[in-house]
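Keep in mind that the numbers below use all heavy atoms, side chains included, and drop hydrogens, waters and symmetry copies.
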Amino acid sequence: QAQLVESGGGLVQAGGSLRLSCRASGLAFLNYGMGWFRQAPGKEREFVATISPRGGSTDYADSGKGRFTISRDNAKNMLYLQMNSLKPEDTAVYLCAASLSYGGQANQYLYWGQGTQVTVSS
């Protein structure tokens, strides 16, 4: 059974950094494109970043371009999101997800983690 488990969230001041991790198990990680999404209270889930199965292609939402970096380590079945210059509006639950393709549409993704809370104080 596929399982995705996020970690690395927390409370950080505006301008700070966090590195989120997502550990995948129960699936052939190398076959899956991966994505990060986020959901703030009262808001819809929104795309953050995506990476192709071998890591050669990435894409970002405009909100994170230049600040966020998605990466993966296929040998360790790990996905990462480095977030720099964090803003209060980045506050949300961040979820990782796995897709047989990759991209910014949530309905492309087959498996989801439970999420990790990121809170950015002003």
Side-chain angles (χ1 to χ4, degrees):
Q1 182 178 353
Q3 188 173 20
L4 303 174
V5 180
E6 303 92 339
S7 61
L11 174 64
V12 64
Q13 288 188 332
S17 298
L18 282 174
R19 188 194 194 204
L20 305 184
S21 299
C22 172
R23 180 179 300 278
S25 60
L27 74 166
F29 188 67
L30 186 58
N31 291 345
Y32 286 83
M34 299 296 295
W36 286 100
F37 291 77
R38 67 187 184 186
Q39 188 161 18
K43 294 187 177 181
E44 292 187 356
R45 187 170 296 184
E46 67 172 345
F47 166 69
V48 175
T50 184
I51 188 166
S52 59
R54 294 187 183 273
S57 297
T58 59
D59 194 19
Y60 298 88
D62 288 345
S63 59
K65 285 181 180 176
R67 300 189 299 127
F68 295 176
T69 303
I70 188 171
S71 62
R72 63 190 295 163
D73 184 338
N74 285 344
K76 296 181 179 179
N77 285 8
M78 293 293 296
L79 174 73
Y80 305 101
L81 183 68
Q82 178 66 44
M83 303 188 295
N84 299 327
S85 302
L86 283 161
K87 305 174 182 179
E89 51 264 43
D90 294 319
T91 295
V93 173
Y94 283 71
L95 306 101
C96 68
S99 169
L100 288 174
S101 58
Y102 76 103
Q105 300 299 316
N107 59 13
Q108 295 177 268
Y109 289 82
L110 300 175
Y111 304 110
W112 292 83
Q114 293 296 310
T116 185
Q117 176 71 47
V118 171
T119 302
V120 184
S121 63
S122 57

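Side-chain contact between Leu30 and Arg54 is present, with heavy atoms from C-beta onward closer than 4.5 Å. Between Leu20 and Met83, the closest side-chain pair of non-hydrogen atoms falls below 4.5 Å. With contacts defined as side-chain heavy-atom distances shorter than 4.5 Å, the pair Tyr102/Ile51 does not qualify. Residues Ser17 and Asn84 have side chains in contact (heavy-atom distance under 4.5 Å, counting atoms from C-beta outward). Residues Arg38 and Ser63 have side chains in contact (heavy-atom distance under 4.5 Å, counting atoms from C-beta outward).
Phe29 is connected to Tyr32 through a chain of hydrophobic side-chain contacts under 4.5 Å among Ile, Leu, Val, Met, Phe, Trp and Tyr, so both are in one cluster. Placement of Tyr111 and Leu81 within a single hydrophobic cluster is found when ILVMFWY residues are connected by side-chain heavy-atom separations under 4.5 Å, directly or transitively. Cluster membership for Leu79 and Leu4, using ILVMFWY side-chain heavy atoms within less than 4.5 angstrom, is shared. Linking ILVMFWY residues whenever their side-chain heavy atoms come closer than 4.5 Å, directly or via other members, leaves Leu95 and Val120 in distinct clusters. Under a hydrophobic-cluster definition in which Ile, Leu, Val, Met, Phe, Trp and Tyr are linked whenever side-chain heavy atoms come within less than 4.5 Å, directly or via other members, Met34 and Val118 are assigned to the same cluster.
Here the straight-line distance linking atom CG of Asp59 with atom OG of Ser52 works out to 10.5 Å at 0.5 Å rounding. Within the model, atoms CD of Gln13 and OG of Ser121 stand 5.0 Å from one another, a figure rounded to the nearest 0.5 Å. Atom SG in Cys96 sits 12.0 Å away from atom OH in Tyr80 (nearest 0.5 Å). Note: Thr58 OG1 to Arg72 CZ = 12.0 Å, rounded to the nearest 0.5 Å. Separation of atoms CZ (Arg45) and OH (Tyr94) is listed at 13.5 Å; rounding is to 0.5 Å. The structure places OG1 of Thr116 at 8.5 Å from CG of Leu18, a figure rounded to the nearest 0.5 Å.
At distances below 3.5 Å, at least one donor-acceptor pair connects side-chain atoms of Thr50 with backbone N or O atoms of Gly103. Listed for the Gln39 side chain is no donor-acceptor partner under 3.5 Å among the backbone atoms of Ala92. Of the possible polar contacts, one joining the Asn74 side chain to the Pro53 backbone as a donor-acceptor pair under 3.5 Å is found.
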Do Ser71 and Gln82 pass the side-chain contact (heavy atoms from CB on, under 4.5 Å) test, and can you show the C-alpha distance, the side-chain angles, and the key distance before you say yes or no? CA-CA 8 Å; Ser71 62; Gln82 178 66 44; over 6 Å; no

Apply the test side-chain contact (heavy atoms from CB on, under 4.5 Å) to residues Thr91 and Gln117: give CA-CA distance (whole Å), side-chain angles for both, the deciding distance (0.1 Å), then the verdict. CA-CA 8 Å; Thr91 295; Gln117 176 71 47; 4.0 Å; yes

Go through Arg67 and Tyr60 one step at a time and tell me if the side-chain contact (heavy atoms from CB on, under 4.5 Å) criterion holds. CA-CA 10 Å; Arg67 300 189 299 127; Tyr60 298 88; over 6 Å; no

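Ring-centre distance between Trp112 and Phe37: below the 6.0 Å cut-off.
Looking at Asp62 and Lys65, a side-chain N of the basic residue comes within less than 4.0 Å of a carboxylate O on the acidic one, giving a salt bridge.
Side chains of Ser101 and Gln108: a donor-acceptor N/O pair is present below 3.5 angstrom, by distance only.
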